[in-house]
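Right, one structure below, let's go through it.
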Amino acid sequence: MAIRVDELRLALEAFAHEHKIDPETVEKALVSALKDVFSEKYKYSHPKPRSIKPEVDLSRGKILVRVEFVNEDISAEKGEVFYIKAPIKGIFKPKKEVDEEVKFGDVIGIITDNGKDLEIKFNVSGKIAKIEKVYGRGGEVVEQNQDLFKVKEIGYEEIITPEKFSHYDVQRLKEKFLYRIKNEILKAKLPRLQAYINKIITGKVQKVDKKMGVLVGIPELGVEGRIPKEGMVESEVYKPGQDIEAVVLNVEDRASYPLLLSRSDPRFVQALLERSIPELQDGTVQIVSIAREAGVMTKIAVKSRDPFVSPVTTILGPRGTRLYAIKSKMPKEEIIDVIPYDSDIVRFAILSLQPAKGAVAAYEKKERVDGELKEEINVYYEDDEEVLKAKGKDGINIKLASRLVGKKINALHISEFTPPEMGVTLYELKDKLASEIYEKLKEATLVYFKRLIPLAYMQRLLGTDEATTIRILEIIEDALKEKGEEHV
């Protein structure tokens with residue numbers, strides 16, 4: 001199957017222009033592909049090629065492959081012998097020594113006549129030979145037709161031009177070239193693709209592969225991506241031809257399917273939220289952390305930079321419409337909890353255990369176990385039902401709450417309560433507070449005090465007047481002093 005070099009040159013130049021790749025890169029990819037194709041072709045030949053050297057110059061329309069074979073049988077026994085003679089009389093200077101290899105076009109000596117140098121070349125086409133003997137020494141005068149070199153064949157060179165390519169050669173060349181040029185195209189696109197990391201892309205499922213995962217075509221970017229097994233959601237079914245959204249986790253250095261995608265990663269939920277909610281885009285509301293068990297439950301901790309903007313209400317939207325729109329893009333059965341972040345890690349832990357309510361005591365517990373510092377947060381409830389809610393089915397709620405907070409949380413019944421070494425809990429203040437105030441503090445998740453809370457902040461959380469709030473703070477202060485006296 002002959003290839004027309006002029007047509008190939010024009011096609012490759014057009015390819016370089018279309019994909020914004022410099023022609024030199026295209027040439028390098030073609031050279032590499034040619035070498036691979038003919039290395040495979042001669043892999044099992046005898047003798048095996050000593051070298052395969054593609055030569056490409058698109059500007060001149062030159063494409064060929066030089067394949068050199070050195071046959072030990074020929075060099076030992078049958079190699080043809082050539083005698084190189086002096087073409088004219090003159091002063092001889094050998095350029096090659098005994099045992100040096102030569103091939104067509106190599107200069108092996110020079111004869112100088114009347115100050116002019118005449119090159120003596122090995123002009124036996126297609127042969128690779130070795131110098132067996134040099135008859136003259138440098139500086140000697142030699143006569144015309146005098147023997148200068150004795151050269152013996154040791155192999156041969158095959159020059160393959162496009163006219164000699166087989167149909168199979170052409171097909172493999174196309175495959176190898178496209179594979180290599182894809183890498184170069186990817187490198188050119190890399191800065192643009194990097195900008196999509198942690199963002200949602202929309203594609204179409206091409207194939208579901210047992211090893212590689214879900215293979216996705218992304219026409220908008222002109223590349224493909226893949227969702228590996230760990231990026232899939234167990235409850236979802238993926239079929240070729242379906243539209244799919246996923247988050248870009250990374251751009252891999254590979255020609256095929258360079259975008260690493262996921263539907264199970266917490267970043268998928270974060271990207272969906274950031275794409276849809278203006279307050280997240282402008283930074284008024286921020287996502288502090290996300291914990292997710294894909295297809296089951298996601299917990300999102302949010303905070304606001306504006307005291308007049310509720311971060312939870314912002315995410316939920318009017319009557320939950322914003323969150324409903326986000327959930328429509330996620331696995332159907334997955335529950336989403338939006339939790340207000342609190343810098344007080346104990347209160348944050350209590351809030352993260354929703355839908356459980358009514359905690360009456362909580363504190364951070366630190367101890368050394370086998371030389372390692374173990375940090376946990378104990379949260380206590382008076383109602384067994386609330387303990388069960390805090391843990392959730394199969395422990396999923398407390399597991400995700402622990403991930404969200406960054407420390408292990410234990411949900412316990414108040415019957416297991418042991419007072420903390422430092423600070424005071426709401427449960428310890430129960431007999432000193434009016435039942436109404438006790439319930440307000442419990443509802444506001446103000447159940448642990450290591451120090452006094454600012455008056456205005458407590459007023460806002462409890463909705464109490466200034467005098468009542470001051471009285472509550474005085475009770476807490478007295479309890480803290482008593483606790484301090486115990487440990488003096």
Side-chain angles (χ1 to χ4, degrees), residues 197-200 230-231 233 246-250 262-307 309-317 320 322-323 326-327 329-331 334-357 359 362-366 373-379 389-411 445-448 461:
I197 291 177
N198 294 332
K199 292 184 179 178
I200 298 289
E230 60 272 19
V233 179
V247 65
V248 180
L249 298 185
N250 199 6
S262 179
R263 280 185 61 80
S264 66
D265 194 280
R267 283 171 283 181
F268 177 63
V269 182
Q270 181 163 348
L272 285 173
L273 291 165
E274 289 175 345
R275 183 178 69 175
S276 306
I277 299 175
E279 291 84 353
L280 286 174
Q281 295 167 10
D282 65 22
T284 303
V285 174
Q286 296 174 326
I287 294 172
V288 179
S289 59
I290 297 181
R292 186 180 185 211
E293 193 73 26
V296 182
M297 179 183 284
T298 293
K299 285 184 177 285
I300 306 162
V302 291
K303 67 177 182 179
S304 175
R305 295 171 63 186
D306 186 336
V309 175
S310 166
V312 175
T313 303
T314 299
I315 300 298
L316 295 178
R322 280 181 169 180
L323 192 59
I326 298 299
K327 287 182 73 172
K329 303 288 185 181
M330 295 173 61
E334 189 164 336
I335 298 167
I336 301 179
D337 281 343
V338 184
I339 291 147
Y341 169 76
D342 198 291
S343 57
D344 180 341
I345 194 166
V346 174
R347 187 163 186 268
F348 184 28
I350 300 168
L351 293 168
S352 72
L353 288 173
Q354 69 173 38
K357 295 180 180 178
Y363 56 86
E364 192 173 7
K365 182 181 178 183
K366 298 181 182 181
L373 183 63
K374 185 179 178 182
E375 298 182 66
E376 298 180 348
I377 299 172
N378 288 349
V379 181
K389 285 181 185 178
K391 291 180 179 178
K393 185 180 178 181
D394 298 325
I396 188 65
N397 194 61
I398 200 164
K399 176 183 174 183
L400 291 179
S402 297
R403 277 195 220 161
L404 194 72
V405 172
K407 290 188 179 180
K408 187 173 187 279
I409 303 172
N410 302 308
T445 61
L446 293 173
V447 301
Y448 177 60
L461 288 178

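Everything quoted here is computed from the prediction, not taken from an experiment.
- Scanning both residues, P340 and L351, for their nearest heavy atoms gives O-CD1, 3.4 Å.
- Judged by distance alone, the side chain of N397 and the main-chain N or O of L353 form a donor-acceptor pair under 3.5 Å.
- K393 is linked by a side chain to side chain contact (heavy atoms under 4.5 Å, CB included) to nothing, counting only residues two or more places apart in sequence or in another chain.
- Of the residues listed (V269, V247, V233), the one engaging S264 in a side chain to side chain contact (heavy atoms under 4.5 Å, CB included) is V233, and it is the only one.
- Every pair passing salt bridge (charged side-chain N to carboxylate O under 4.0 Å, His left out) that includes a residue from residues 283-296 is listed here, sequence neighbours excluded: R292-E334, E293-K399, E293-R403.
- Surrounding NZ of K407 are more than 12 heavy atoms belonging to other residues, nucleotides or ligands, all under 6.0 Å away.
- Qualifying salt bridge (charged side-chain N to carboxylate O under 4.0 Å, His left out) partners for E274, counting only residues two or more places apart in sequence or in other chains: none.
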Using side chain to side chain contact (heavy atoms under 4.5 Å, CB included), reason through T314 and R322 one step at a time and then give a plain yes or no.
CA-CA 8 Å; T314 299; R322 280 181 169 180; 3.5 Å; yes
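- Of all heavy-atom pairs between V302 and V312, the closest is CG2-N, 4.1 Å.
- Under the side chain to side chain contact (heavy atoms under 4.5 Å, CB included) criterion, D306 pairs with T284, S304, F308, V309, sequence neighbours left out.
- Open room surrounds CG on D394; 12 or fewer heavy atoms of other groups in view lie less than 6.0 Å from it.
- Closest approach of F268 and K329 over heavy atoms only: CZ-O, 3.8 Å.
- In this structure, CE on M297 lies 6.5 Å from CG on L400, to the nearest 0.5 angstrom.
- Listed by chain and residue number, nothing satisfies the side-chain hydrogen bond (donor to acceptor under 3.5 Å, both in side chains) test with Y448 (two or more places apart in sequence, or in another chain).
- Evaluation of the salt bridge (charged side-chain N to carboxylate O under 4.0 Å, His left out) rule for K357 yields no partner, not counting sequence neighbours.
- Atoms CD1 and NZ, on I398 and K408 in that order, are 7.0 Å from each other to the nearest 0.5 Å.
- Here OG1 of T298 is found 10.5 Å from CG of L404. Values are rounded to the nearest 0.5 Å.
- Here R275 pairs with E245 under the salt bridge (charged side-chain N to carboxylate O under 4.0 Å, His left out) rule; sequence neighbours left out.
- Listed by chain and number, the residues in a side chain to side chain contact (heavy atoms under 4.5 Å, CB included) with A362 are V346, I350, V379, V447 (sequence neighbours excluded).
- Annotation: the span from M330 atom CE to L272 atom CG amounts to 7.0 Å, rounded to 0.5 Å.
- L249 approaches I197 most closely through the heavy-atom pair O-CG2, 3.7 Å.
- Two residues are said to be in side-chain contact when any heavy atoms from C-beta on lie closer than 4.5 Å; V338 and L323 meet this criterion.
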Side chain to side chain contact (heavy atoms under 4.5 Å, CB included) between L461 and L446, intermediate numbers included
CA-CA 9 Å; L461 288 178; L446 293 173; 3.9 Å; yes
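- Note: R347 CZ to T445 OG1 = 3.5 Å, rounded to the nearest 0.5 Å.
- Taking the side chain to side chain contact (heavy atoms under 4.5 Å, CB included) definition, one finds that Q354 meets it with K299, D337, I339, sequence neighbours left out.
- Every ring pair (Phe, Tyr, Trp, His ring centres under 6.0 Å) that F348 has, sequence neighbours left out, goes to Y341.
- Taking the side-chain hydrogen bond (donor to acceptor under 3.5 Å, both in side chains) definition, one finds that E376 meets it with K374, N410, sequence neighbours left out.
- For the pair I326 and S276, the tightest heavy-atom approach, listed with the atom from each and the gap, is CD1-OG, 3.5 Å.
- When every heavy atom of A349 is checked against every heavy atom of V405, the shortest pair comes out as CA-CG2, 3.8 Å.
- In this structure, CZ on R305 lies 8.5 Å from CG on D282, to the nearest 0.5 angstrom.
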Which is it for K365 and I377 under the side chain to side chain contact (heavy atoms under 4.5 Å, CB included) test, yes or no, and what are the steps along the way?
CA-CA 6 Å; K365 182 181 178 183; I377 299 172; over 6 Å; no
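- Qualifying salt bridge (charged side-chain N to carboxylate O under 4.0 Å, His left out) partners for K389, counting only residues two or more places apart in sequence or in other chains: E386.
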